[in-house]
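Remarks on the structure that follows.
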There are 2 protein chains.
Amino acid sequence: MLSNSSKYAIKGVLYLAVNSNEDRKIMVRDIFEMIHVPEAYLAKLLQELSRHNIISSTRGPKGGFYLSDEDRKRTLMDIVRVIDGEKRIKSCVLGIKDCDMDNPCVLHKLVGANKSKFIKVLQNTTILDLVEGKQDIEEFFPI
Amino acid sequence: MLSNSSKYAIKGVLYLAVNSNEDRKIMVRDIFEMIHVPEAYLAKLLQELSRHNIISSTRGPKGGFYLSDEDRKRTLMDIVRVIDGEKRIKSCVLGIKDCDMDNPCVLHKLVGANKSKFIKVLQNTTILDLVEGKQDIEEFFPI
DNA sequence: CATGAAAAGGATAAAAATGTCTTTTAATCT
DNA sequence: AGATTAAAAGACATTTTTATCCTTTTCATG
């Protein structure tokens with residue numbers, strides 16, 4: 001449902017959400033161990049998110065990745081959309097042709113109802129929402 | 001969440017549920033086009049299920065795959081367990097170490113609640129359950 | 001404006017998932 | 001018994017995902 005890459009990306013963004021801001025940028029080198037994602041791989045994912053304006057970055061000395069206030073309003077779905085693409089997550093649970101969220105097959109009634117809810121959660125949950133229960137998340141680093 | 005292989009396997013078993021019984025065995029050759037799964041690939045999956053006694057089969061002329069009455073009491077989870085393994089489906093949504101259904105991390109509260117329900121559906125839905133709404137399913141072949 | 005720190009990007013490698021093919025085994029029919 | 005049919009089994013091929021490496025570009029700073 002979610003690729004590994006998306007999971008990594010979400011973990012990385014969550015870490016940035018808790019630990020970074022415009023005045024406090026973080027290098028990939030200081031994140032990857034905390035969240036158990038290979039350094040070069042995480043760099044690629046964060047670069048991709050940055051390129052799509054989901055997160056922010058600056059190069060050079062004192063540079064690094066960070067979340068602006070605007071970035072914090074992004075949803076989990078924004079991340080997943082960039083990394084996995086919309087199609088992957090919305091496709092039919094059983095890979096049935098011409099069957100999707102809007103035109104659900106019989107098994108969607110069973111299995112897809114939950115999936116729809118899952119997608120709604122992704123769409124409705126912003127980074128900020130997650131960080132508001134901050135103490136809970138901090139407990140979980142390193143994740 | 002569910003691998004392609006599991007989806008194919010479920011489709012194959014559903015087709016058997018609707019069209020086969022002990023006296024009416026079906027060859028892979030007569031299934032694969034109906035459910036849009038490559039012939040050899042489907043064969044392999046059904047063999048695997050048969051080996052684990054999730055479905056039934058006999059070799060030779062008049063042979064083929066079929067579902068016994070006992071087979072029909074199997075749940076979707078029985079299929080998924082054979083094809084994907086229990087670990088894959090129950091692992092943490094974010095791949096967080098030492099986090100699973102029984103020891104959920106903070107994101108499980110958000111995202112995992114739906115997943116738990118999804119797994120419950122798999123565990124509680126038998127092949128027979130699905131076929132009892134038979135007309136609905138038949139409408140969907142070929143899937 | 002030179003320097004070094006950091007992201008960006010391209011090329012490639014490794015692993016996992018998906019898919020195909022060939023040979024072997026067992027059941028049935030003549 | 002022998003021929004034929006179909007699943008069983010396993011080796012092999014392809015594609016996608018995951019991961020790494022290395023060079024280039026950018027930019028803050030002294």
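Fair warning: this is a prediction, and the values are worked out from it, not measured in the lab.
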(request) When you get a sec, tell me which of dT18(C), dG19(C), dA6(D) is the closest nucleotide to the side chain of Tyr8(B)? (result)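 The answer is dG19(C).
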(message) So, OP1 or OP2 of dT18(C): does either fall under 4.0 Å of a side-chain N or O from Ser5(B)?
(response)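 For Ser5(B), the contact criterion (side-chain N or O under 4.0 Å from OP1 or OP2 of dT18(C)) is met.
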(message) With the threshold set at under 4.0 Å for non-hydrogen atoms, list the residues of residues 65-74 of chain B touching DNA chain C in residue-number order.
(response)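 Contacting residues: none.
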(request) Would you jot down, in residue-number order, the residues of residues 21-28 of chain A having a non-hydrogen atom under 4.0 Å from DNA chain C? (result)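 Heavy-atom cutoff 4.0 Å gives Ile26(A), Met27(A), Val28(A).
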(message) For Lys73(B), give me all partners under side-chain hydrogen bond (donor to acceptor under 3.5 Å, both in side chains), at least two apart in sequence or on another chain.
(response)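 For Lys73(B) the side-chain hydrogen bond (donor to acceptor under 3.5 Å, both in side chains) partners, ignoring immediate neighbours, are Glu70(B).
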(request) Just jot down the side-chain hydrogen bond (donor to acceptor under 3.5 Å, both in side chains) partners of Arg74(A), sequence neighbours excluded, or say none. (result)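 Testing Arg74(A) for side-chain hydrogen bond (donor to acceptor under 3.5 Å, both in side chains), a comparison that skips the adjacent residues, returns none.
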(message) Any residue in residues 45-53 of chain B with a heavy atom nearer than 4.0 angstrom to DNA chain D? Just list them by number, or reply none.
(response)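 Residues of residues 45-53 of chain B that come under 4.0 Å of DNA chain D are, in numerical order, Gln47(B), Ser50(B), Arg51(B).
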(request) State which residues pass ring-ring contact (aromatic ring centres under 6.0 Å, His included) with Tyr66(A); sequence neighbours excluded, sorted by chain then number. (result)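 Partners of Tyr66(A) by the ring-ring contact (aromatic ring centres under 6.0 Å, His included) criterion come out as none, since no residue qualifies.
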(request) Sugar-phosphate atoms are those with a prime plus P, OP1 and OP2; base atoms are the rest. Using that split, label each nucleotide of nucleotides 20-30 of chain D B, S or - for protein heavy atoms under 4.0 Å, 5' to 3'. (result) BB---BBBBS-
(message) Run the side-chain contact (heavy atoms from CB on, under 4.5 Å) test against Ser5(B) and tell me which residues pass, sequence neighbours left out.
(response)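 So Ser5(B) forms a side-chain contact (heavy atoms from CB on, under 4.5 Å) with Ser3(B), Tyr41(B), Leu45(B), Ile83(B).
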(request) Could you tell me which residues satisfy salt bridge (Lys or Arg N to Asp or Glu O under 4.0 Å) with Arg72(A), sequence neighbours excluded, listed by chain and number? (result)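 Partners of Arg72(A) by the salt bridge (Lys or Arg N to Asp or Glu O under 4.0 Å) criterion come out as none, since no residue qualifies.
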(message) My understanding is that only residues two or more places apart in sequence, or in another chain, count here; which of them pass salt bridge (Lys or Arg N to Asp or Glu O under 4.0 Å) with Arg51(B)?
(response)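 Partners of Arg51(B) by the salt bridge (Lys or Arg N to Asp or Glu O under 4.0 Å) criterion, ordered by chain and then number, come out as Glu48(B).
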(request) Rounding to 10 degrees, work out the angle separating the end axes of the helix from dC1(C)-dG30(D) to dT30(C)-dA1(D) (five pairs an end). (result)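 One end's axis against the other's: 10°.
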(request) Provide the full list of salt bridge (Lys or Arg N to Asp or Glu O under 4.0 Å) pairs with a residue in residues 23-32 of chain B, sequence neighbours left out, each pair given once. (result)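 Sorted result for residues 23-32 of chain B: empty, none.
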